[in-house]
There are 2 protein chains.
Amino acid sequence: MPQSSEDAIGRIEARPPLSVTPPTLADVAERAGVSRQTVSNAINNPDLLRPDTLTRVLESIDALGYSPNRAARNLRTRASHLIGMRIGPAQEGTANATMDRFVHSLVDTSREAGYHVLLFAGAESSTNPLSGYDDLLRSTAVDAFVVTDTYLGNPQAAWLEERRAPFVAFGRPWDAQQNGGRARHSWVDVDGAAGTELATRHLLDKGHERIAWIGWRKDSRIGEDRRSGWTRALHGRGLPTTGLASRVEDTVASGREASAHLLDSAQPSAFVCASDTLAMGVLHTLRDRGLRAGEHVAVVGFDDSQVAQVVPPGLTSVRQPLEQVAVEVVTALEGLLAHPPVVGTGVMLVPTLAVRGSS
Amino acid sequence: MPQSSEDAIGRIEARPPLSVTPPTLADVAERAGVSRQTVSNAINNPDLLRPDTLTRVLESIDALGYSPNRAARNLRTRASHLIGMRIGPAQEGTANATMDRFVHSLVDTSREAGYHVLLFAGAESSTNPLSGYDDLLRSTAVDAFVVTDTYLGNPQAAWLEERRAPFVAFGRPWDAQQNGGRARHSWVDVDGAAGTELATRHLLDKGHERIAWIGWRKDSRIGEDRRSGWTRALHGRGLPTTGLASRVEDTVASGREASAHLLDSAQPSAFVCASDTLAMGVLHTLRDRGLRAGEHVAVVGFDDSQVAQVVPPGLTSVRQPLEQVAVEVVTALEGLLAHPPVVGTGVMLVPTLAVRGSS
DNA sequence: GGCGACCGCTTGATCGTTCCAATGACACCA
DNA sequence: TGGTGTCATTGGAACGATCAAGCGGTCGCC
C-alpha cells in the first residue's frame, strides 16, 4: 500500500485524463479512510477537522485530482454561484465600449468572490426586455443578476423586485422620487454630472469661454444628468449657456450635424459631449471644415472608449471607473446573497478625466 | 376541482413570486394526475405521450410556472449546457474589438442551440494560460470550451486535447503541419490572407501602385498569413513588394512610426495594415504631416472595429464574419457533444471589405 | 392459438453533494 | 462514579431531475 501510495503522489503532475468519470467525494473518502461528510467538511469547513485528518484528506484530494461536482453541489445548496448578465445587441457604428469594459471587470471581480458570469441575450424574436430573465430565474440557473440598462421606464428592475429576485443595478433608480425617494434595490452608479463638470472646468481652465454641449434627447435622464454638469460649471463662472446646447440621437451623424449647426450659430471654441460617439461626430465636422481638433476647437467626449484612445490626436474623455463599479456591484451582490440579505444599498462613484490631444 | 382549475388558468398572467420554493416535477405530475417521468417526457420527448395527456401536462406546467431545475438536470445528465469561454484582460489603447463582437454573436447563436455562455478569466496571480480551464473542467461546470487565442505555441489546444476535453478553436491549428497535417480538434477560422488580398486589390483598382504593408512581427503566424495576401495581390499584378513592408508591435505608436519611416523611404500612396490599431497609427502620421487620409494617402485596416466605423473620414477595413464564425463554432460544438461525437472538423470563412472614406 | 413487438405510462434507483441528527471518545467538574 | 459538555466524525436522508426496467393491454403475424 505505501508503494502504490507513493506512485500516486508521483503522478500528481500528470493527472489522468477525464475520459473516465472524474473522482467523487466517496472516492476521496475511501482513499483517506474517512467518511464522505468529513471530506466535504475538509473543503467547506476545514476548521472542523483535526489538523492531521485535514492534511490526510487534502493529500487524497490532490492525489486524485478531485474537484467537487458543481451540479450536485448546486442541487443541494440551491445556489449556482453564477451571476447572470444580459447583453444587448452589439452596437455597431458607435463608440459605446462601456459594457465591454464593464464585463471584463465584472468577470475578474466576481471570480475573486467565487462567482462566474453567465451571459445571456434576449430572445431575438421578442422585444420583451424581460426575455431570458424569467427562464434563468425559474430554473435556478443563476443566483443573481446584474442589470445594466436601468434607464427610466425600463421594467426590469420593477419586475425583478416584484419577483424578489436578487439583483444589483449598474445605474441609479431614476424613478426613486416617485417611489418615495428610496430605491428598494441595490445599485451602483457613476456621477455623470460630476464628469461633465470636470470636463467643462478643464476647458474653462484652458481659457475657453464659449463651450457648447451636445447631448441626448430630453427624455434621457442620464443625458440630462450629464448636461447638468456642463450647466453647473458654466454658471459657476458666470457664463451663459443659452444657444450653446443641442440634444440629438446618439449617433455619429447626429453629432456631426449638431456641431455644424452650433459652429455656425454660436461660434463655440469647445464642445462637451454626452458620449464619445457624439464627440466623433464633432471631429467629422472639424475635418469637413479643415479645422484641427485641439488646436482650433477643443472637444471632450464621454466614456473613454477605445476610439477616444486611438483617434488622432486623442480624444479627451470622461472615464467611468468601471473596475471600481464592478467591485461595488459584486460587494452588493454578496450582501444580497448573505444571510440575512442586505438590500437597498446605493453607491455613487466619481469619474475621472482622461486628457488627450483634442483639448 | 374544475373550479380551482379555472382559477389557476386565470392566474397564468400573474405568476406567483419566487420567494417560495419553485414548483418541481412532482408538483406538476400531481396536478396533472400523471407520474414524474411522464412530465419529464412531456418536456424532453413530447412525442412519447398521447396528445391529450400532453396537453394536460403542458397546461399544468404553464399554470404552475414550472421550469426544470437546472442543477438537478445537470447532475443526472452530466451536462451543464454551458459553454466556457475565457476572456483575456481588456485591451486599452488599441482598436481590438474582435473578441467583443464575437462574444455577442456567440451568446446569440448558442442561445438558439440551448446553450449559455460562461465567461471566465485566468487567475490574476498566475500567467498560466490554463488557469481556469482545469477547474471548470474537473468540476463539470461546462460542457465544452471555445478557445480563441490559438496562436502558435499556445498550450491550451494541446492540453485540452490531451484531456479529451471538448472544445472548438476560433483560429486554425497553426502547427498542424508538424503534427502530420491534420488537426485532431475542431476549429473555425477566417482566411486573413484572403482579406488582405481583397484590401490590396481594392487599392490597386483605385489606381494605387505603391502599396505598403504594416504588420506584426515575424513570429506571428496570423501576421504572416495576412501579409501573404498583400504579397500575393501585388505580385499578381507584377508589382514589387521590396522595401514596402514593416513589421512591428501591435500598437498605435508602432504604426505611427512605421508609417512615417515608410513614407520617407518608399513614398507609398497607400497602406494596408494587419490591424485597425496599426491603421490608426498611420492616420496619426498623416495628421502630423498635414495629409488627408483618403485624399492624399489611402489606408486600410483589419477587423472593422468600432474605431474604423466612426473615425473621420471612416477607415476602410477587412471585416471578419464573426456572426458566421459563431454559427460554425456552435455547429461544431453540437457535433462534439453528439453521440457519437464528430471531431476534427475545420471550417475556413472568407472576410469582406468594409469600404469607407480612407480609401 | 401462441409469440413477440409496440404503446403509454409508472416505479424504483441513481447522479454527487450537503444538511441533519446522532455517535463515540474524551476531558472536566462535582 | 456519574453527569455534562465539547470535539471530531459518521450514517442516513434529502435536493430534483433522468435512466432503466417493467407494467398490463392491444395489435399483427405466422
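Just so it is clear, the values below take in all heavy atoms, side chains as well, and ignore hydrogens, waters and symmetry mates.
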Could you label the plane-to-plane angle of the A:Phe120 and A:Tyr133 rings as parallel, tilted or perpendicular, counting under 30° as parallel and over 60° as perpendicular?
perpendicular

For C:dG8, does OP1 or OP2 lie under 4.0 Å from any side-chain N or O of B:Thr38?
no

Both B:Val34 and A:Arg70 contact DNA chain C. Which one's nearest nucleotide lies toward the 5' end?
B:Val34

Rounded to whole Å, how long is the line connecting atom CZ of A:Arg50 with atom P of D:dT10?
10 Å

Calculate the interatomic distance between A:Leu48 atom CG and C:dC20 atom C1'; express it in whole Å.
14 Å

Quick one, A:Val147 and A:Phe170 - any side-chain contact, counting heavy atoms below 4.5 Å?
no

Where the side chain of A:Asp143 meets the backbone of A:Ile83, is there a donor-acceptor pair that is under 3.5 Å apart?
no

Sequence neighbours left out, what passes side chain to side chain contact (heavy atoms under 4.5 Å, CB included) with B:Asp135? Give chain and number order.
A:Ser67, A:Arg70

Do the side chains of B:Arg163 and B:Asp134 get close enough for a salt bridge, i.e. N-O under 4.0 angstrom?
yes

Side-chain atoms of residues 43-51 of chain A: list all donor-acceptor pairs with protein atoms under 3.5 Å, sequence neighbours left out, distances to 0.1 Å.
residue	atom	partner	partner atom	Å
A:Asn44	OD1	A:Arg73	NH2	3.4
A:Asn44	ND2	A:Ser40	O	3.2
A:Asn44	ND2	A:Ser40	OG	3.4
A:Arg50	NE	A:Asp52	OD1	3.2

Generate the contact string for nucleotides 14-21 of chain D. Rules: B means base contact, S means sugar-phosphate contact only, - means no protein heavy atom under 4.0 Å.
BBBBBBB-

